Amino acid sequence: MSETCVILDIGGVLEITPETGWVQRWEVRLELPLGTVQERMRDVWRAGSVGSVSEREVHEQVAARLGLDAPQVEDFMADLWAEYLGTPNEELIGYVRGLRGSCRLGILSNSFVGARERETTLYHFDELVEQIVYSHEIGIEKPDLRAFEAACASLNVRPGNCLFIDDVADNVEAAQAAGMQTHLFEENARTITRIAAHLDAGPLVPGRVPPG
């Protein structure tokens, strides 16, 4: 329970995920007012993020709510996954890969049903870290404190010995409330420096102040 640990987010951290405009293109294609896809699909996206629907059910709802035939649904979901998966942040992934054996490593990600299979195939995150906690598998999303507790429990580490890295300020603040050390991801160099400082400091002991 005293081991030093680093837990990272995926989207916007380990994956570079700029908006691609795919939703707006579909709205133009379907001659729908801008915002219609989000309005019609909001509860399905939410359900997919906490695993209360299957991929098959997502496809069925996309077809029913947007009036798409089977090939169109496949194209629509392909566009969704292209933006979701983005491209790998090779520099940071390479650095984290070099940490194997020197600390405990985990991932905590707000996700969507089907993410594990695709990210394992594309990026092999299962080989990068010891444990991956996906929101769609535990039914809890960040910034719920229980998500951070689940990530620490999966690695059997104390929150205070964990550095959590995310690109969303609300999630970073929640991780702090959960007792974790934190870093708001903005770019690789600062993040790598922060991880190195965390590892140099080692596990917390009574009276030790964590690095800022």
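In this text, all values refer to a predicted model and were calculated from it rather than measured experimentally.
Side chain of Thr120 to backbone of Glu117: no donor-acceptor contact under 3.5 angstrom is found. At least one donor-acceptor pair under 3.5 Å links the side chain of Glu57 to the backbone N or O of Ser54. Checked by atom type and distance alone, the side chain of Arg100 never pairs as donor or acceptor with a backbone atom of Val96 at under 3.5 Å.
Tracing side-chain contacts under 4.5 Å through hydrophobic residues (I, L, V, M, F, W, Y), one reaches Met77 starting from Leu85; they form part of the same cluster. Cluster annotation: Val13 and Phe112 are assigned to the same hydrophobic cluster (Ile/Leu/Val/Met/Phe/Trp/Tyr, side-chain heavy-atom contacts under 4.5 Å, transitive). In terms of hydrophobic clustering, with Ile, Leu, Val, Met, Phe, Trp and Tyr side chains grouped at heavy-atom distances under 4.5 Å, Ile107 and Leu155 are assigned to different clusters. Hydrophobic clustering keeps Ile16 apart from Leu122 (ILVMFWY residues linked when any side-chain heavy atoms are closer than 4.5 Å, directly or through intermediates).
Between Leu80 and Trp45, the closest side-chain pair of non-hydrogen atoms falls below 4.5 Å. Proximity of Ile195 to His198: side-chain heavy atoms (C-beta onward) are nowhere separated by under 4.5 Å. Contact of the Arg194 side chain with the Gln181 side chain is registered, since non-hydrogen atoms from C-beta on lie closer than 4.5 Å. Counting heavy atoms from C-beta on, the side chains of Ile7 and Leu108 come closer than 4.5 Å. Residues Leu199 and Val6 form a side-chain contact, since some pair of their non-hydrogen atoms from C-beta on lies under 4.5 Å apart. Within the 4.5 Å cutoff, side-chain heavy atoms of Val44 are placed close to those of Val58. Counting only heavy atoms from C-beta outward, the side chains of Val62 and Leu68 approach each other to under 4.5 Å.
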Side chain to side chain contact (heavy atoms under 4.5 Å, CB included) evaluation trace for Leu14 with Asp9: CA-CA 7 Å; Leu14 294 174; Asp9 177 41; over 6 Å; no

Apply side chain to side chain contact (heavy atoms under 4.5 Å, CB included) to the pair Ile192 and Glu91, showing each step before the final yes or no. CA-CA 10 Å; Ile192 289 170; Glu91 181 183 19; 4.3 Å; yes

Evaluate side chain to side chain contact (heavy atoms under 4.5 Å, CB included) for Leu66 paired with Val37, printing each intermediate quantity in order. CA-CA 8 Å; Leu66 299 178; Val37 169; 4.2 Å; yes

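A search for salt bridge (charged side-chain N to carboxylate O under 4.0 Å, His left out) contacts involving Arg56 returns Glu60, not counting sequence neighbours. Scored by the ring-ring contact (aromatic ring centres under 6.0 Å, His included) test, Phe185 finds no partners at all (sequence neighbours excluded). For Arg97, there are no salt bridge (charged side-chain N to carboxylate O under 4.0 Å, His left out) partners, not counting sequence neighbours. Residues forming a salt bridge (charged side-chain N to carboxylate O under 4.0 Å, His left out) with Glu90 (at least two apart in sequence, or on another chain): none. Shown here are the salt bridge (charged side-chain N to carboxylate O under 4.0 Å, His left out) partners of Glu186, two or more places apart in sequence or in another chain: Arg190.
Applying the salt bridge (charged side-chain N to carboxylate O under 4.0 Å, His left out) test to every pair with at least one member in residues 11-40, sequence neighbours left out, gives no pairs at all. Sorted by first and then second residue, the salt bridge (charged side-chain N to carboxylate O under 4.0 Å, His left out) pairs involving residues 159-168 (not counting sequence neighbours) are Lys142-Asp166. For the salt bridge (charged side-chain N to carboxylate O under 4.0 Å, His left out) condition, no pair includes a residue of residues 67-87, sequence neighbours left out. Annotation: ring pair (Phe, Tyr, Trp, His ring centres under 6.0 Å) contacts involving residues 61-80, sequence neighbours excluded, comprise Trp22-Phe76, Trp26-Phe76. For the ring pair (Phe, Tyr, Trp, His ring centres under 6.0 Å) condition, the pairs that include at least one residue of residues 138-171, sequence neighbours left out, are Phe148-Phe164.
Between Tyr84 and Trp81, the angle of the ring planes goes over 60°, which puts this pair in the perpendicular group of the 30/60° scheme.
Closest non-hydrogen pair, Val73 versus Ala63, comes out as CG2-CB, 3.7 Å. Residues Gly12 and Thr17 come closest through the heavy atom pair N-OG1, 3.4 Å. Between Leu145 and Ala174, the closest heavy-atom pair is CD2-O, 3.2 Å.
Cluster note: Val172 groups with Leu184 through ILVMFWY side-chain heavy atoms spaced under 4.5 Å, whether in direct contact or through intervening members.
Within 6.0 Å of atom CZ in Arg146, 12 or fewer heavy atoms from other residues, nucleotides or ligands are found, so the atom counts as exposed in its surroundings.
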With a 3.5 Å cut-off and sequence neighbours excluded, list the donor-acceptor pairs that the side chains of residues 130-138 form with protein atoms.
residue	atom	partner	partner atom	Å
Glu130	OE1	Arg104	NE	2.7
Glu130	OE1	Arg104	NH2	2.9
Glu130	OE2	Arg104	NE	3.1
Glu130	OE2	Leu105	N	2.9
Tyr134	OH	Glu119	OE1	2.7
Ser135	OG	Ser49	O	2.7
Ser135	OG	Ser111	N	2.8
Ser135	OG	Ser111	OG	3.3
His136	ND1	Ser111	OG	2.8
Glu137	OE1	Arg116	NE	3.3
Glu137	OE1	Arg116	NH2	2.8
Glu137	OE2	Arg116	NE	2.8

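One side chain, Asn89 or Asn188, offers a donor N or O that lies under 3.5 Å from an acceptor on the other. Residues His183 and Thr191 bring a donor and an acceptor atom of their side chains to less than 3.5 Å of each other.
Rounding to the nearest 0.5 Å places CZ of Arg65 at 5.5 Å from CE of Met41. Rounded to the nearest 0.5 Å, atoms CG (Asn171) and OG (Ser109) are 10.0 Å apart. Taking CG from Asn161 and SG from Cys5, the interatomic distance works out to 8.5 Å, rounded to the nearest 0.5 Å. Atom-to-atom distance recorded for Ile10:CD1 and Tyr123:OH is 10.0 Å, nearest 0.5 angstrom.
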